Amino acid sequence: MIYFDNNATTPIDPLVFEAMQPFLTTFYGNPSSLHRHGRVVKTAIEQARQQVASLVNVSADQVIFTSGGTEANNLCLSAAICSGKQNILLGATEHPSVSEQVRYLSNTGFIFDELGVDNKGLIAKDVLDASINADTGLISIMHSNNETGVIQNISELAELANEKGIAFHTDAVQSIGKVPVDFNALNVNLMSLSGHKVNAPKGVGAVIHDKRTLLTPLLHGGGQEAGLRPGTENVAAIVGFGKAAELAQQELEQRSKHLLNLQLVLEEELRLVNGLTVVASSVERLPNTSQILMDNIDGEMLLMQLDQKGVAISSGSACSSNSKLPSTVLKAMGFSDSLALSAIRVSLGHQNTQQEVLDFVTALKGIVNQPV
Ligand SMILES: Cc1ncc(COP(=O)(O)O)c(C=O)c1O
């Protein structure tokens with residue numbers, strides 16, 4: 001099977017699995033316990049905190065572990081509640097774990113405005129500037145998009161927010177391990193990460209916090225994670241996330257170079273397929289993501305046919321692939337319903353090879369050239 005669905009999730013790295021194992025067996029203590037069993041586990045969590053912190057260039061006390069990217073995004077959006085203001089600005093192509101939480105908050109009195117994107121998926125600085133008003137308490141714009149791979153100019157947008165004293169959150173779930181992500185260089189106040197997109201297990205993520213922006217916990221209980229995420233820690237997953245972050249940092253340059261080479265080969269080959277478009281190919285994107293549109297093709301049917309040929313890809317985002325609605329991301333970028341419904345997303349992993357890319361293209365060409 002050729003696995004090209006790495007934006008949905010990634011395989012656990014064997015070294016990550018190895019690092020986790022003792023914390024599922026030997027080291028079972030509760031990290032809040034003061035005895036040796038607890039202290040060993042607590043030390044492992046603090047090491048993981050340092051490893052995640054190092055990946056995004058912050059100090060360990062800025063990392064709050066959560067159950068994943070969704071919870072991290074939800075927790076970051078609680079900054080709107082603490083801001084004392086009522087308006088939230090969010091990108092038009094945000095992941096549902098941002099957009100649905102903002103919609104939920106709007107039921108409790110918040111007003112939100114979506115920041116429109118251009119046909120490349122980018123939010124212009126003047127669009128943000130024009131949308132900010134005296135009641136804006138939080139701005140949330142993703143670092144890179146899970147469907148198209150488009151990378152926003154976050155530092156420029158966040159600088160504007162800083163000048164106006166408005167908290168800025170970015171969802172960097174898809175970016176870590178693929179491109180450099182430096183929390184401080186980006187000028188942001190809050191950032192969300194997820195383990196399973198970077199070869200750690202599912203069910204672990206983190207908020208990166210500037211320690212100035214006020215947050216309110218989603219859960220109420222003990223004092224774990226500085227009181228912002230109470231509940232006994234998912235120790236093995238946190239340890240795994242730490243190890244994955246360390247590997248991602250060590251191997252970032254070679255991973256992104258490898259992904260970029262694969263992406264170049266893929267898109268060069270795809271250029272030869274009639275009626276095929278790679279979304280936002282002219283702007284900065286993640287080196288692993290190619291969103292493909294094709295005239296007169298049903299993306300979901302194509303996905304099933306590719307599955308039969310041993311290729312795993314996704315049509316649009318995994319979270320919306322159960323519905324037959326066109327991708328809201330592609331709609332926001334101005335694509336027609338029929339073209340948006342043709343979308344398939346190829347998301348490569350650093351474990352993939354050039355031969356797999358070539359085999360995928362052969363399989364795709366075989367399917368789309370079939371008489372309908
Ligand atoms: C951009 C983005 N944000 C957030 C999430 C949610 O992360 P998790 O699956 O860890 O809840 C995803 C997962 O698909 C994502 O792609």
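Source: prediction; values computed, not measured. Note: hydrogens, waters and symmetry copies are ignored here, and every other heavy atom, side chains too, is used. Just so you know, ligand 1 is whichever comes first in the structure, and atom 1 is the first atom listed for that ligand. Numbers here simply count residues along the sequence, with the first being 1.
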A.B. asks: So if I count the atoms of ligand 1 from 1 in the order they appear, which ones are less than 4.0 Å from some heavy atom of Q174?
C.D. replies: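 Contacts of ligand 1 toward Q174, numbered from 1: 1 (C), 15 (C), 16 (O).
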A.B. asks: Where on M142 is there a heavy atom closer than 4.0 Å to ligand 1, on the side chain, on the backbone, on both, or on neither?
C.D. replies: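 The answer is the side chain.
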A.B. asks: Heavy atoms only, cut-off 4.0 Å: how does E71 contact ligand 1, side chain, backbone, both, or neither?
C.D. replies: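 Looking at E71 and ligand 1, no heavy atom falls under 4.0 Å.
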A.B. asks: Please state which option from T70, N74, T93 has its nearest heavy atom closest to atom 11 (O) of ligand 1.
C.D. replies: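 Nearest heavy atom to atom 11 (O) of ligand 1 lies in T70.
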A.B. asks: Give a yes-or-no answer on whether the side chains of Q174 and K178 include a donor-acceptor pair shorter than 3.5 Å.
C.D. replies: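 Result is yes, a qualifying pair exists.
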A.B. asks: Please determine, by modelled atom types, if H169 and S192 share a side-chain donor-acceptor pair under 3.5 angstrom.
C.D. replies: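 Yes, S192 and H169 have a side-chain donor paired with an acceptor closer than 3.5 Å.
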A.B. asks: Do any nitrogen or oxygen atoms of S194 come within less than 3.5 Å of a nitrogen or oxygen of ligand 1?
C.D. replies: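 Such a contact does occur with ligand 1.
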A.B. asks: What atoms of ligand 1 come within less than 4.0 Å of a heavy atom belonging to H196?
C.D. replies: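 Under 4.0 Å from H196, ligand 1 has these atoms: 8 (P), 9 (O), 10 (O).
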A.B. asks: I need the atoms of ligand 1 closer than 4.0 Å to a non-hydrogen atom of N146, numbered in the order shown.
C.D. replies: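 Under 4.0 Å from N146, ligand 1 has these atoms: 1 (C), 16 (O).
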A.B. asks: Taking NZ, NE, NH1 and NH2 as the nitrogens, is one of them in R49 or E225 under 4.0 Å from a carboxylate oxygen of the other?
C.D. replies: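 E225 and R49: salt-bridged.
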A.B. asks: Counting only heavy atoms closer than 4.0 Å, does ligand 1 sit against the backbone of N73, its side chain, both, or neither?
C.D. replies: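 It is the side chain that gets close, since no backbone atom is under 4.0 Å.
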A.B. asks: Please determine if R212 and D210 form a salt bridge, counting it only when a charged side-chain N lies under 4.0 Å from a carboxylate O.
C.D. replies: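 Between D210 and R212 there is a salt bridge, with a charged N closer than 4.0 Å to a carboxylate O.
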A.B. asks: Verify the ring-centre separation between H37 and Y28: is it less than 6.0 angstrom?
C.D. replies: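 Under 6.0 Å, so yes.
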A.B. asks: Under 3.5 Å between some N or O of ligand 1 and some N or O of V173?
C.D. replies: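 Min N/O separation from ligand 1 is not below 3.5 Å for V173.
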A.B. asks: In terms of side-chain heavy atoms, does T170 have a donor or acceptor partner in H143 at a distance below 3.5 Å?
C.D. replies: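 Not at all, the side chains of T170 and H143 share no donor-acceptor pair under 3.5 Å.
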A.B. asks: Check if S97 has a non-hydrogen atom at a distance under 4.0 Å from any atom of ligand 1.
C.D. replies: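 Yes, that is the case, since the closest heavy atom of the residue is under 4.0 Å from the ligand.
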A.B. asks: Taking only heavy atoms of D171 into account, list the atoms of ligand 1 that are under 4.0 Å away from them.
C.D. replies: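 Heavy-atom distances to D171 below 4.0 Å select 1 (C), 2 (C), 3 (N), 4 (C).
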A.B. asks: Closer than 4.0 angstrom, basic N to acidic O: yes or no for E114 and K331?
C.D. replies: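 No, no charged N to carboxylate O under 4.0 Å.
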A.B. asks: At less than 4.0 angstrom from any non-hydrogen atom of G68, what atoms of ligand 1 do you find?
C.D. replies: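 Taking each heavy atom of G68 in turn, ligand 1 has 10 (O) under 4.0 Å.
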A.B. asks: Sub-3.5 Å donor-acceptor pair from the side chain of K197 to the main-chain atoms of N7, do we have one?
C.D. replies: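 Yes, because the side chain of K197 sits within donor-acceptor range (under 3.5 Å) of the backbone of N7.
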A.B. asks: Using a 3.5 Å distance criterion without hydrogens, assess whether the side chain of N184 forms a donor-acceptor pair with backbone atoms of N57.
C.D. replies: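 Judged by distance alone, yes, a pair lies under 3.5 Å.
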A.B. asks: Take every heavy atom of K197, measure it against each atom of ligand 1, and state whether any distance is under 4.0 Å.
C.D. replies: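 Judged by the 4.0 Å heavy-atom criterion, K197 does count as contacting ligand 1.
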